[in-house]
Amino acid sequence: MSSDEAPMPASSAQPAPLSQQAMAARGAPYLDDLNPAQREAVEALDGPVLMLAGAGTGKTKALTTRIGHLLLTGKCRTNEILGVTFTNKAAREMKTRIGRLMGEAVEGMPWLGTFHSVNAKLLRRHAELVGLKSSFTILDTDDQLRLLKQLLVANNIDDKRWPARMLAGIIDNWKNRAWTPEKVPAGEASAFDRRGVELYAQYQARLRDLNAVDFGDLLLHMLTIFQEHEDVLAQYQRWFRYILVDEYQDTNVAQYLWLRLLAQSHKNICCVGDDDQSIYGWRGAEVGNILRFEKDFPGAKVIRLEQNYRSTPHILAAASGLITANKGRLGKTLWTDAEEGEKVRLIGHWDGEEEARWIGEEIEAMQGGTRGLAPMSLDHMAILVRASHQMRAFEDRFLTIGLNYRVIGGPRFYERMEIRDAMAYFRLAVSQEDDLAFERIVNTPKRGLGDKAVQTIQRAAREHGLSLVEGARLCVDEGRLSGKGLKELRTLVQGLDRWHGQVISEADTHVELAEMILDESGYTAMWQNDKTPEAPGRLENLKELVKALEEFENLQGFLEHIALIMDNESEEQGEKVTLMTLHAAKGLEFPAVFLPGWEDGLFPSQRSMDESGLKGLEEERRLAYVGITRAEKLCTISFAGNRRVYGQWQSALPSRFIDELPQEHIEVLTPPGLYGGGFGAAAPSAGPSAVQERAMRADVYNSPGWKRMQSRQQRPVSQPAEARNMTIDLEATSSFTTGERVFHKKFGYGAITAIEGDKLEIAFDKAGVKNVVSRFVVAADLADDIPF
DNA sequence: TCAGCCGAAGTTTTT
DNA sequence: CTTCGGCTGA
């Protein structure tokens with residue numbers, strides 16, 4: 001760590017006043033780029049500032065310019081700014097933009113990062129104050145769960161009644177609220193939770209023994225240190241002369257306390273956020289933090305960024321109208337100079353499949369530029385859903401019509417099984433003390449070392465106070481195991497020794513070593529021999545991992561940094577529609593956005609409302625607000641009268657949020673097959689209440705007449721899409737035959753059961769019968785030759 | 001030890 | 001309808 005980053009006595013931390021730069025900054029051209037509110041937010045450098053930045057109002061620009069301004073006016077140096085974000089992506093983007101602003105002349109900002117990475121860095125310096133070594137490892141959710149499971153077993157607790165997941169959730173929750181085991185309030189400890197507190201304490205003790213922390217600990221330990229060691233706190237209060245916080249509405253209690261401690265002396269804290277976009281209450285975020293800011297920091301300057309540069313007036317008005325139904329907002333009025341554009345479109349469908357079909361066709365139409373609209377790239381369209389299982393209907397549909405899509409979300413790169421397995425091997429090569437890593441890979445690939453063998457090893461280790469690797473060595477030497485297991489374990493231990501020796505001697509580059517480890521351990525072979533559909537992808541990921549290694553000096557350096565980086569940056573090429581959850585969409589924007597599944601119970605989610613009542617409903621509404629405000633030009637909301645939920649058909653009412661949309665900014669489209677538009681024709685203002693109105697609309701969909709009309713109309717309606725594909729059929733010569741074995745990237749191996757043009761019906765070995773366009777499939781015998 | 005069967009449950013997610 | 005996890009029988 002460079003001494004530049006280290007806190008020093010205040011006297012030497014004083015930067016020389018750079019009057020020249022200050023002069024330059026005063027007339028700086030970058031200030032002219034800002035609108036008045038942004039400029040105010042940039043220039044109010046001292047004292048507490050709350051920047052209320054609505055969606056698409058140039059928040060990041062204001063934030064990065066503010067940092068640039070701090071530096072250029074000589075207020076402080078780069079290493080005296082503490083900037084915290086929630087995601088690596090946000091931190092990275094800010095660094096890039098500051099770099100651009102400062103003409104690359106500025107060296108990196110060492111204290112601009114996520115809450116977690118900043119705290120990890122701090123904790124490495126002061127680990128001994130909470131009984132850790134500075135080399136502590138950071139456990140992720142997986143390790144955490146394994147540990148908790150062991151704890152539950154050790155306590156003879158039926159893991160059916162108290163699943164490890166639940167305990168993990170409870171502990172996380174407590175950590176979010178800055179409760180160490182001693183501080184969990186007695187009131188919190190119901191019959192269930194009292195046991196929980198004890199387990200929590202045991203868990204923390206176990207972590208300390210392992211010299212490990214979980215994500216929550218990173219912040220909680222530092223908070224404890226700040227609270228118990230005034231000198232350390234004072235040191236950082238002096239050092240971090242200016243504090244900036246991104247997405248303040250998402251901070252939890254622990255983060256709030258942490259910030260307040262650091263800012264309380266100079267109060268140079270600038271929090272940026274939008275109370276209307278607070279959607280993470282369920283993981284501990286406290287909207288209250290942002291609502292309370294002025295009370296926490298009397299005399300705080302509150303600056304509202306309200307000019308929106310993203311969406312058309314109709315989209316903005318629809319979103320604004322919806323969000324006014326929430327109580328206790330700080331309140332903002334977004335406005336824009338943009339041209340009027342199209343109204344937000346609303347359409348109801350008979351069922352979820354028809355909704356997916358309609359959206360698919362709409363996307364194709366927009367891509368082709370029909371209906372007088374300019375052709376639009378698939379990259380500019382997104383479908384945002386409330387819950388990830390909703391994506392399935394779209395994936396199925398897009399696969400059959402051959403529409404390219406990308407799914408954002410799902411397991412992150414470093415969360416994938418194969419990556420974590422490989423990392424466990426690397427961890428062990430670096431340090432044989434890593435018991436969790438050993439447990440993870442001892443029988444992966446299968447070595448005939450099951451529960452019993454592991455228990456034997458654990459017993460041996462505990463008896464002699466050794467690590468599991470040493471315990472294993474003991475078992476091998478003393479022949480405590482037998483047969484295949486013994487032989488395999490001996491090989492493994494020898495391998496671990498050899499690899500560890502390589503790390504020490506640096507005989508090979510770390511990249512070569514990594515490859516060697518994966519090969520010699522039999523891990524690569526395990527996936528090569530695996531014929532499930534996922535195997536090729538996993539091998540691909542392993543190659544990616546090795547490639548990522550190249551960026552680092554050595555394995556240690558890699559492991560050090562990787563624990564906190566959970567990005568999933570895979571640069572796919574080719575135009576694709578984006579499919580993701582509303583949560584994942586926060587901060588993003590797309591010219592065209594589809595918001596399907598607006599049905600009561602689904603969105604707003606029944607569970608949210610049941611568990612959190614009005615608070616939950618309001619958070620759902622903010623989610624809706626986030627969804628609409630992602631759209632630049634075209635926003636299409638839809639719902640389905642019927643949907644298959646867990647294999648059962650269920651009918652639902654259109655979402656109450658639909659009633660809350662201001663009518664004058666909504667265009668109601670006629671669902672395919674429904675003549676005369678039975679939906680939304682009547683104005684809800686007069687006569688029946690909104691709920692009755694909604695019920696009436698729903699009745700239209702549930703009436704036998706409607707259903708009859710629907711079924712009669714369905715076929716002709718889908719005709720155009722069929723016709724389009726038929727044209728392609730004539731050109732594309734399908735070279736497949738019925739009965740042929742094929743391989744599909746997603747579904748794996750299967751046999752063709754029917755061929756219709758370029759569409760194949762395939763009975764997959766694992767995925768069941770699917771209709772797939774032929775170009776997504778290769779002959780099975782060719783699949784083995786694909787170099788993975 | 002491990003594959004295969006049965007039963008239960010089934011939001012949102014970053015680090 | 002799936003998927004995951006735990007249990008059982010070979």
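Per chain, numbering begins at 1; letters A, B, ... match sequence-line order.
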Engineer: In whole Å, measure the gap between the P atoms of dT12(B) and dT3(C) for me.
Structural biologist: 14 Å
Engineer: Should Asp142(A) and Arg440(A) count as an ion pair when the cut-off is N to O under 4.0 Å?
Structural biologist: yes
Engineer: Strictly below 4.0 Å: does Asn443(A) bring a side-chain N or O up to OP1 or OP2 of dC2(B)?
Structural biologist: yes
Engineer: So does Ser388(A) get a side-chain nitrogen or oxygen closer than 4.0 Å to the phosphate oxygens (OP1/OP2) of dT11(B)?
Structural biologist: no
Engineer: Nearest of dT15(B), dT1(B), dT12(B) to any side-chain atom of Ala387(A)?
Structural biologist: dT12(B)
Engineer: What is the distance from CE of Met609(A) to C1' of dT12(B), rounded to the nearest Å?
Structural biologist: 14 Å
Engineer: Taking atom C1' of dC1(C) as reference, at what distance in whole Å does atom CG of Asn642(A) sit?
Structural biologist: 17 Å
Engineer: With P as the reference atom in both, quote the distance from dT11(B) to dC4(C) in angstrom, rounded to an integer.
Structural biologist: 12 Å
Engineer: Look at all strands and tell whether Asp451(A) reaches a base, only sugar-phosphate, or nothing, counting heavy atoms closer than 4.0 Å.
Structural biologist: sugar-phosphate
Engineer: What I want to check is whether the side chains of His389(A) and Tyr646(A) have a donor and an acceptor closer together than 3.5 Å.
Structural biologist: no
Engineer: Using 4.0 Å as the upper bound for N to carboxylate O, is an ion pair formed by Lys59(A) and Asp246(A)?
Structural biologist: yes
Engineer: Looking only at side-chain atoms of Arg607(A), point me to the closest of dT11(B), dT15(B), dT3(C).
Structural biologist: dT11(B)
Engineer: Thr581(A) side chain N/O closer than 4.0 Å to the phosphate oxygens (OP1, OP2) of dT13(B)?
Structural biologist: yes
Engineer: By the 4.0 Å heavy-atom rule, please label Glu620(A) as base, sugar-phosphate, or nothing.
Structural biologist: base
Engineer: Looking only at side-chain atoms of Arg283(A), point me to the closest of dT13(B), dT2(C), dT15(B).
Structural biologist: dT13(B)
Engineer: When you get a sec, tell me which of dT13(B), dT15(B), dG10(B) is the closest nucleotide to the side chain of Tyr646(A)?
Structural biologist: dG10(B)
Engineer: Using the six-membered ring of Phe657(A), assess whether NZ or CZ of Arg621(A) lies under 6.0 Å from its centre and within 45 degrees of the ring axis.
Structural biologist: no
Engineer: Between dC1(C) atom C1' and Arg643(A) atom CZ, what is the distance in whole Å?
Structural biologist: 15 Å
Engineer: Rounded to the nearest angstrom, tell me the gap between atom CD1 in Ile279(A) and atom C1' in dT13(B).
Structural biologist: 10 Å
Engineer: Taking the minimum atom-to-atom distance to the side chain of Trp282(A), which one of dT13(B), dG6(C), dT2(C) wins?
Structural biologist: dT13(B)
Engineer: Nearest of dA3(B), dT11(B), dT15(B) to any side-chain atom of Arg386(A)?
Structural biologist: dT11(B)
Engineer: Whole angstrom is fine here: how far is it from CZ in Arg165(A) over to C1' in dA8(B)?
Structural biologist: 15 Å
Engineer: Can a donor-acceptor pair be found between the side chains of Glu247(A) and Gln249(A) at a distance below 3.5 Å?
Structural biologist: yes
Engineer: Remember a base hit wins even if backbone is also touched, and classify Thr87(A) as base, sugar-phosphate or nothing at under 4.0 Å, heavy atoms.
Structural biologist: sugar-phosphate
Engineer: For Ala120(A), which contact category applies under a 4.0 Å heavy-atom criterion: base, sugar-phosphate, or nothing?
Structural biologist: nothing
Engineer: Between Asp214(A) and Lys175(A), does any side-chain N to carboxylate O distance fall below 4.0 Å?
Structural biologist: yes
Engineer: Round to the nearest Å and state the distance from Lys446(A) atom NZ to dA3(B) atom C1'.
Structural biologist: 10 Å
Engineer: From the options dT11(B), dT3(C), dT15(B), select the nucleotide whose nearest atom is closest to the side chain of Glu611(A).
Structural biologist: dT11(B)
Engineer: How long is the line joining CD of Gln648(A) and C1' of dA9(B), in whole Å?
Structural biologist: 14 Å
Engineer: Look at the side chain of Leu564(A) and decide which nucleotide, out of dT15(B), dT2(C), dT1(B), has an atom nearest to it.
Structural biologist: dT15(B)
Engineer: Once you round it to whole Å, what is the distance between P of dT13(B) and NE2 of His389(A)?
Structural biologist: 11 Å
Engineer: Ser605(A) or Gly448(A): which one's nearest nucleotide on DNA chain B is closer to the 5' end?
Structural biologist: Gly448(A)
